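Read the numbers this way: they start at 1 and go in the same order the structure lists the ligands and their atoms. Treat the numbers as computed from the prediction; the structure is a model and nothing was measured.
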Amino acid sequence: MTSDTPYPMTIDGQAITTDQTIPVINPATEAVVATAPDCTKDQLDEAVAAARAAFPLWRARPYAERQAALRAIAATIAENADDLMRLLTAEQGKSHADALGEIHAAAWWIGVVADQQLPETVTDAIPGQRSITTHVPLGVVGAIVPWNFPILLAVWKIGPALLTGNTLVLKPSPFTPLSTLRIAQLLQGVLPPGVLNVICGGDSVGPWMTEHPGINKISFTGSTATGRRVMQNASVNLKRLTLELGGNDAAIVLPDADVDAIAEPLFWAAFKNSGQVCVAAKRVYVHDSIYDRVASALAGVAAKVKLGNGADEGTQLGPVQNRPQFDRVKGLVDDSRAAGHRFIVGGEVPTNQGFFVPVTIVDNPPEDSRVVQEEAFGPVLPLLRYSDLDDAIARANACEYGLGGSVWSSDHAAAAKVAARLETGTVWINSAQGLTPFAAFAGHKQSGIGVENGQDGLLEFTVPQTIHLPREAA
Ligand code: NAD
């Protein structure tokens with residue numbers, strides 16, 4: 001089969017193109033960056049068959065060899081960082097600096113994962129018997145990735161899945177597939193055929209994967225609405241599931257917070273990657289006594305921030321990544337304006353070229369307004385007053401999501417006590433968004449099921465196996 005895309009899929013170690021293709025749009029210019037493959041059902045079957053065929057050999061490889069393979073992936077990503085940076089900015093919209101940051105973080109992350117070990121538990125509790133529990137791979141993992149951090153979030157799945165002996169069929173978002181397809185091409189000579197298959201396609205491909213009988217686990221990152229559909233389909237063969245889903249993280253600013261010191265980090269906690277971060281601060285509750293000072297400090301930071309094409313020198317914030325997301329975020333701003341909310345910053349979304357949404361901070365909108373209740377996933381932030389801490393915590397927790405949150409205070413011990421009362425998987429003190437390969441990341445409530453990162457995340461790609469042996473009497 002042929003197509004004009006220079007970004008083929010990788011199936012069984014081969015470059016595979018398709019008759020149909022999908023245009024990938026640069027969100028800053030709305031020009032087509034390139035076309036990407038549109039995987040057919042037969043091609044998905046081929047990818048799954050290749051992953052199944054590669055599985056017995058890959059799981060039988062010594063652990064140290066799989067560790068070495070991960071380090072080779074890390075090196076390949078790092079060596080190609082500059083080319084990948086340009087591609088990532090073109091398809092995703094983020095600044096060159098942020099794109100490079102994501103790529104280097106991905107290379108570092110997979111190197112750290114390579115050093116991780118699986119536990120082994122030995123029990124002699126039953127007379128005459130020794131029980132040894134190890135953690136064995138599941139088989140073929142289907143990995144599904146969103147468009148906000150295409151490379152980093154793919155690596156979160158590739159690293160632990162391959163290290164633990166699984167093989168993979170990975171699908172990037174059709175909005176941002178090019179850098180992932182390119183990485184798979186670069187890895188064709190690094191990994192045995194069939195171990196890492198990267199496909200790309202339209203809206204049908206995700207559901208085909210989640211109901212595919214040849215896939216044993218789905219590792220999914222995306223919205224809660226899609227996560228529900230994934231869970232439904234995955235029941236077909238009782239697939240194991242990791243779901244990393246949406247969030248509406250609250251930041252609580254205590255009255256003793258150092259306003260000048262927190263203004264910049266609080267701003268970036270909300271607006272980094274143009275607000276398109278699952279663990280961005282999406283609602284900021286500020287104590288009444290310092291509310292006005294925090295509002296004007298955030299406005300001061302916003303005034304200095306450069307919004308533009310990510311490929312331009314000095315750009316800090318790029319556009320929203322795609323047209324449907326732009327329409328959704330604009331809809332939230334329009335809804336606030338129609339409801340008569342006041343804006344501390346922004347409030348108008350121009351509709352000229354590019355999916356640009358200026359930084360928008362809404363001044364104490366009602367708690368039940370859409371801009372507070374919905375995950376914006378864009379550069380729109382409600383700043384909310386509180387006078388009673390218990391009330392602020394209750395409002396923070398009155399949410400179907402439970403992904404992350406943050407507490408801002410000069411008294412770290414007091415802040416930690418507030419943190420422990422938030423019903424979320426991660427809480428930061430005086431920062432937000434920092435995730436590491438060393439610590440578990442898990443959504444509470446409808447922000448997800450399961451864990452990524454840390455040893456808990458590694459174990460999600462395995463199933464326990466216990467062997468009971470006769471034990472010589474002492
Ligand atoms: P999305 O759910 O629309 O899409 C995510 C991926 O799922 C894409 O690859 C998409 O093609 C695929 N998909 C779409 N429909 C599917 C279906 N029915 N079955 C299987 N796959 C399907 O999400 P998005 O808009 O790409 O990403 C934004 C969302 O992701 C936000 O809600 C954000 O909070 C969340 N997110 C969560 C995390 C986390 O770790 N918790 C990280 C990043 C983003």
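For Arg52 and Asn216, the side-chain atoms include at least one donor-acceptor pair closer than 3.5 Å.
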Which pairs of N or O atoms, one from ligand 1 and one from the protein, are separated by less than 3.5 Å, and what is the distance for each pair?
| from | atom 1 | to | atom 2 | distance (Å) |
| --- | --- | --- | --- | --- |
| ligand 1 | 2 (O) | Ser223 | N | 2.9 |
| ligand 1 | 2 (O) | Ser223 | OG | 2.8 |
| ligand 1 | 2 (O) | Thr226 | OG1 | 2.8 |
| ligand 1 | 9 (O) | Val145 | O | 2.7 |
| ligand 1 | 9 (O) | Lys171 | NZ | 3.0 |
| ligand 1 | 11 (O) | Lys171 | NZ | 2.8 |
| ligand 1 | 23 (O) | Ser223 | N | 3.4 |
| ligand 1 | 25 (O) | Trp147 | NE1 | 3.0 |
| ligand 1 | 26 (O) | Trp147 | NE1 | 3.1 |
| ligand 1 | 30 (O) | Gly222 | O | 3.3 |
| ligand 1 | 32 (O) | Glu375 | OE1 | 2.8 |
| ligand 1 | 34 (O) | Glu375 | OE2 | 2.6 |
| ligand 1 | 41 (N) | Leu245 | N | 3.3 |
| ligand 1 | 41 (N) | Leu245 | O | 2.7 |

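In this structure, Ile77 and Ile103 have side chains that are in contact, with non-hydrogen atoms separated by less than 4.5 Å. You'll find the side chain of Gln116 stays beyond 4.5 Å of the side chain of Gln67, heavy atoms only.
When the side chain to side chain contact (heavy atoms under 4.5 Å, CB included) test is applied to Thr226, the partners found at least two apart in sequence or on another chain are Phe220, Ser223, Arg229, Val230.
Evaluation of the salt bridge (charged side-chain N to carboxylate O under 4.0 Å, His left out) test over residues 447-458, restricted to residues two or more places apart or in two chains, returns Lys157-Glu452.
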Pairs of donor and acceptor atoms involving the side chains of residues 267-275, under 3.5 Å and at least two apart or interchain, shall be tabulated with distances.
| from | atom 1 | to | atom 2 | distance (Å) |
| --- | --- | --- | --- | --- |
| Asn273 | ND2 | Asn148 | O | 3.2 |
| Asn273 | ND2 | Gln276 | O | 3.0 |
| Ser274 | OG | Gly318 | O | 2.7 |

